[in-house]
Number of protein chains: 2
Amino acid sequence: MAYATRALGALGDPTRRIIFEGLAKRPRAVGELARGLPISRPAVSQHLAVLKAAGLVTDRADGARRLYRVDIAGVDAIRAWLDQFWDRTLDAFKAEAESH
Amino acid sequence: MAYATRALGALGDPTRRIIFEGLAKRPRAVGELARGLPISRPAVSQHLAVLKAAGLVTDRADGARRLYRVDIAGVDAIRAWLDQFWDRTLDAFKAEAESH
DNA sequence: ACTTACCGTAAGTCATGGCTTACGCAACTC
DNA sequence: GAGTTGCGTAAGCCATGACTTACGGTAAGT
């Protein structure tokens, strides 16, 4: 649950969404991501730290490089959070329909 | 698609998430929401405008009041956006498994 | 060992956006 | 019609956070 809120907060930033979408296609290193973006490499590194804390990516050492990939855990946390609203809003509609 | 990015941007703010969760239980008026929050009524009004632009809520006039309720469209847009990553990351795993 | 490549962290700057107060407008009450 | 309630918008303030440069540390190459 707390994971879902942090994941939503992380994906609230447009740059982080682009980075996340880039990692979805295939795992990449930090510098590789930075070259395709209009921001510096440390900025990408900071974004990746936020995504990692939200359970949206995992990192793995690969020599001097560091490969990042998408972590399904964070995606699933958002999914579970969204599922609440389907049920609740349907109940709200039902309750309203019965009230008249 | 553009709806999904705006919806994610909207739910990136913790206060908007609380407002959104409040509306999920039952439709509410602006002032009613503001009384349960530590911020002013205009602030709530501005948050609702953002949620509305993201397709996450709809509003309806009720006398002098204005009732807001959850709109499934925005929720569904995020869902569709998330679905991409399930497929892509699974493909990435599969491709990596086959490569050795 | 020296150099090069790749990365994370620290410190500082600056803009985005969330919040407030003030205002004007519509709807309901008496 | 005067007063009250409920709401949206405008203007301005201020804190959060995104970004930069600078630095140190590890791994591979020559």
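Lettering of chains follows the sequences in order, A, B, ..., and the numbering in each one begins at 1.
In this structure the side chain of Arg69(A) never reaches within 4.5 angstrom of the side chain of Leu67(A), judged on heavy atoms. Asp13(B) has its side chain out of reach of Val50(B): every pair of non-hydrogen atoms, C-beta onward, lies at least 4.5 Å apart. Leu23(B) is not listed as a side-chain neighbour of Leu56(B), based on a closest heavy-atom distance of 4.5 Å or more.
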Listing time: all N or O pairs from protein to nucleotides 27-30 of chain C that are below 3.5 Å?
none

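Sorted by first and then second residue, the ring pair (Phe, Tyr, Trp, His ring centres under 6.0 Å) pairs with a member in residues 42-78 of chain B form an empty list; sequence neighbours excluded. Identified under the ring pair (Phe, Tyr, Trp, His ring centres under 6.0 Å) test for residues 9-32 of chain A, with sequence neighbours left out: Phe20(A)-Phe85(B). Residue pairs meeting the salt bridge (Lys or Arg N to Asp or Glu O under 4.0 Å) criterion with at least one partner in residues 29-57 of chain A, sequence neighbours excluded, are Arg26(A)-Glu32(A), Arg28(A)-Glu32(A), Lys52(A)-Asp59(A).
The side chain of Ser45(A) contributes an N or O atom lying less than 4.0 Å from OP1 or OP2 of dG8(C). For Tyr68(A) and dG8(C), the shortest distance from a side-chain N or O to OP1 or OP2 is below 4.0 Å.
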field: Where protein sits on nucleotides 11-20 of chain C, one letter per nucleotide: B base, S sugar-phosphate only, - none, heavy atoms under 4.0 Å
entry: -------SBB
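From the 5' end on, the contacts that DNA chain D makes with chain A at under 4.0 Å to a non-hydrogen atom open and close at dA18(D) to dA28(D).
Contacts of Ala80(A) classified as side-chain contact (heavy atoms from CB on, under 4.5 Å), with partners at least two apart in sequence or in another chain: none. With sequence neighbours left out, Arg79(A) forms a salt bridge (charged side-chain N to carboxylate O under 4.0 Å, His left out) with Asp83(B). In terms of the side-chain contact (heavy atoms from CB on, under 4.5 Å) criterion, residue partners of Ile18(B) (sequence neighbours excluded) are, by chain and number, Leu37(B). Partners of Ala53(B) by side-chain contact (heavy atoms from CB on, under 4.5 Å), not counting sequence neighbours, listed by chain and number: Arg6(B). Not counting sequence neighbours, Asp76(A) has no partner by the side-chain hydrogen bond (donor to acceptor under 3.5 Å, both in side chains) test.
Spacing between atom NZ of Lys52(A) and atom P of dC7(C) amounts to 14 Å, rounded to whole angstrom units. Note: CZ (Arg28(A)) to P (dC6(C)) measures 16 Å, nearest angstrom.
If you check every strand for non-hydrogen atoms under 4.0 Å, Ala29(A) touches sugar and phosphate atoms only.
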